[in-house]
Amino acid sequence: MEPSVDPAAPILLFDSGVGGLSVLAELRTLLPDAPIIYTADNGGLPYGTKTEAQVAARVCGLLGRMSERFAPRLICIACNTASTIALGMVRDVLHVPVVGTVPAIKPAAALTKTRVIGLLGTDATIRQAYVDQLEAEFAQGKRLLRFGAPDLVAAAEAKLRGQKVDPEVFQRAAQGLRSQPGGEEIDTVVLACTHFPLVETELAEAFGPGVHFIDGATGIARRIAFLTQGQQFARREGDLALFTRDEESLAALRPALAALGLERIAVLD
Ligand code: DGL
């Protein structure tokens with residue numbers, strides 16, 4: 001029999017920045033009473049332009065520290081870049097269930113009618129063997145066009161701070177896929193970075209009608225609900241958003257964080 005879980009033990013969500021909030025939004029609808037610690041490694045943001053070794057070192061090191069300090073019942077790596085690079089390594093060293101974020105190529109392949117799928121991710125994600133494997137397994141007989149769009153990460157960070165974002169950024173991302181051979185036929189776009197659902201409305205405008213966007217958030221939330229089935233939850237106070245670097249603009253994130261029940265902000269010491 002499984003040992004009983006402390007009802008106050010948090011679910012820990014981890015991302016390089018605010019992207020994981022797109023996963024938290026889905027999780028809140030399924031598990032509204034779950035205590036959450038949201039960790040953003042803003043000191044390492046962006047992950048998408050770093051090497052595999054740099055990302056793996058940060059993710060493994062930080063999640064090791066977090067799990068010792070907060071004894072989470074489950075960790076969710078709410079970041080495609082970190083998951084496609086380091087999920088296996090993290091699972092090897094931590095004695096806690098770890099849920100990763102995998103580009104939603106499987107559901108996209110089931111949905112496309114034109115058989116041409118676009119994938120927007122970070123530069124690091126789109127070059128991972130993990131993505132090649134998903135393509136080989138689930139997108140056979142279909143065309144998967146990939147485009148690295150690091151500007152969208154900065155755009156999502158700015159949007160959640162209430163800052164203005166240049167619409168050119170979204171046009172460039174759409175163009176990056178549309179201009180590839182077959183790109184005009186894309187009817188389904190995988191948002192393979194957790195930041196991107198935060199700017200889905202702007203992307204939809206840039207792509208024009210007839211394009212479906214798919215991300216992994218609902219599937220991840222369901223997986224977490226499944227793995228914590230039967231456990232008790234006790235949320236005692238406003239949940240914590242933890243950052244790895246103090247910066248002035250954190251204050252501007254308060255409304256976006258509070259909307260998801262993250263009422264306390266702290267910086268990792
Ligand atoms: N949110 C992250 C992802 O899902 C990465 C953003 C970044 O740090 O580049 O890939």
Side-chain angles (χ1 to χ4, degrees), residues 12-27 38-63 75-87 89-90 98-105 108 118-131 134 146-161 165 169-170 172-173 176 189-200 202-203 213-221 223-224 241-245 247 249-250 253 256-257 260:
L12 194 143
L13 268 75
F14 178 87
D15 182 36
S16 55
V18 297
L21 296 179
S22 62
V23 175
L24 179 57
E26 292 294 329
L27 189 61
Y38 184 86
T39 309
D41 180 17
N42 60 324
L45 180 89
Y47 278 2
T49 52
K50 292 193 164 45
T51 65
E52 281 70 5
Q54 286 172 320
V55 172
R58 292 197 77 93
V59 173
C60 292
L62 283 166
L63 286 179
I75 291 174
C76 170
I77 305 182
C79 172
N80 288 261
T81 311
S83 299
T84 53
I85 292 173
L87 181 60
M89 297 179 219
V90 172
V98 184
V99 174
T101 310
V102 172
I105 293 172
L119 184 141
L120 290 174
T122 65
D123 290 326
T125 295
I126 66 167
R127 67 172 180 255
Q128 293 309 310
Y130 203 124
V131 179
L134 290 172
R146 310 179 191 187
F147 186 68
D151 292 353
L152 295 180
V153 174
E157 291 284 335
K159 180 180 174 182
L160 264 64
R161 286 167 171 81
V165 182
V169 168
F170 307 107
R172 273 205 299 276
V189 174
V190 179
L191 300 179
C193 169
T194 52
H195 278 76
F196 299 175
L198 302 173
V199 290
E200 186 176 324
E202 293 84 346
L203 282 170
F213 293 90
I214 295 210
D215 64 72
T218 315
I220 297 163
R223 181 79 190 138
I224 295 173
L242 194 59
F243 293 83
T244 58
R245 183 174 64 197
E247 54 191 52
S249 71
L250 292 186
L253 282 176
L257 296 171
L260 291 170

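We count ligands from 1, going down the list as the structure has it; atoms in each ligand are counted the same way.
Ligand-side atoms of ligand 1 in range of Asp15: 1 (N), 2 (C), range being under 4.0 angstrom from any heavy atom. Ligand-side atoms of ligand 1 in range of Asn80: 3 (C), 4 (O), 10 (O), range being under 4.0 angstrom from any heavy atom. Those atoms of ligand 1 with a heavy atom of Thr122 less than 4.0 angstrom away are 5 (C), 9 (O), 10 (O). Here is the list of ligand 1 atoms found below 4.0 Å of a heavy atom in Leu45: 8 (O).
Side-chain N or O atoms of Ser22 include none that pairs as donor or acceptor with a backbone N or O of His195 at under 3.5 Å. With Glu157 contributing its side chain and Val18 its backbone, the two residues share a donor-acceptor pair below 3.5 Å. A donor-acceptor pair is defined here as one N or O able to donate and one able to accept, closer than 3.5 Å; no such pair exists between the side chain of Asp123 and the backbone of Thr49.
For the pair Leu62/Thr39, no side-chain contact is recorded, criterion being any heavy-atom separation below 4.5 Å from C-beta on. With contacts defined as side-chain heavy-atom distances shorter than 4.5 Å, the pair Pro46/Thr122 does not qualify. Side-chain contact check for Tyr38 versus Asp15: some heavy-atom pair is nearer than 4.5 Å. Side-chain contact check for Leu203 versus Leu120: some heavy-atom pair is nearer than 4.5 Å.
Residue Thr81 holds the heavy atom nearest to atom 5 (C) of ligand 1 of all those in Asp215, Thr194, Thr81. When the options Pro197, Gly20, Cys79, Ser83 are ranked by their closest heavy atom to atom 2 (C) of ligand 1, first place goes to Cys79.
The nearest protein atom to atom 1 (N) of ligand 1, hydrogens excluded, is given as His195 ND1, 2.7 Å; this is a heavy-atom distance. Regarding atom 9 (O) of ligand 1, its nearest protein heavy-atom neighbour is Gly48 N, 2.9 Å. Tyr47 N, 3.3 Å is the protein heavy atom nearest to atom 7 (C) of ligand 1.
Among the atoms of Ser16, some N or O lies under 3.5 angstrom from an N or O of ligand 1. Checked against a 3.5 angstrom limit, the closest N/O atoms of Thr125 and ligand 1 fall outside it. Not one N or O of Ala192 is nearer than 3.5 Å to an N or O of ligand 1, by distance alone.
To the nearest 0.5 Å, the span separating CZ on Phe14 from CD1 on Ile75 amounts to 9.5 Å.
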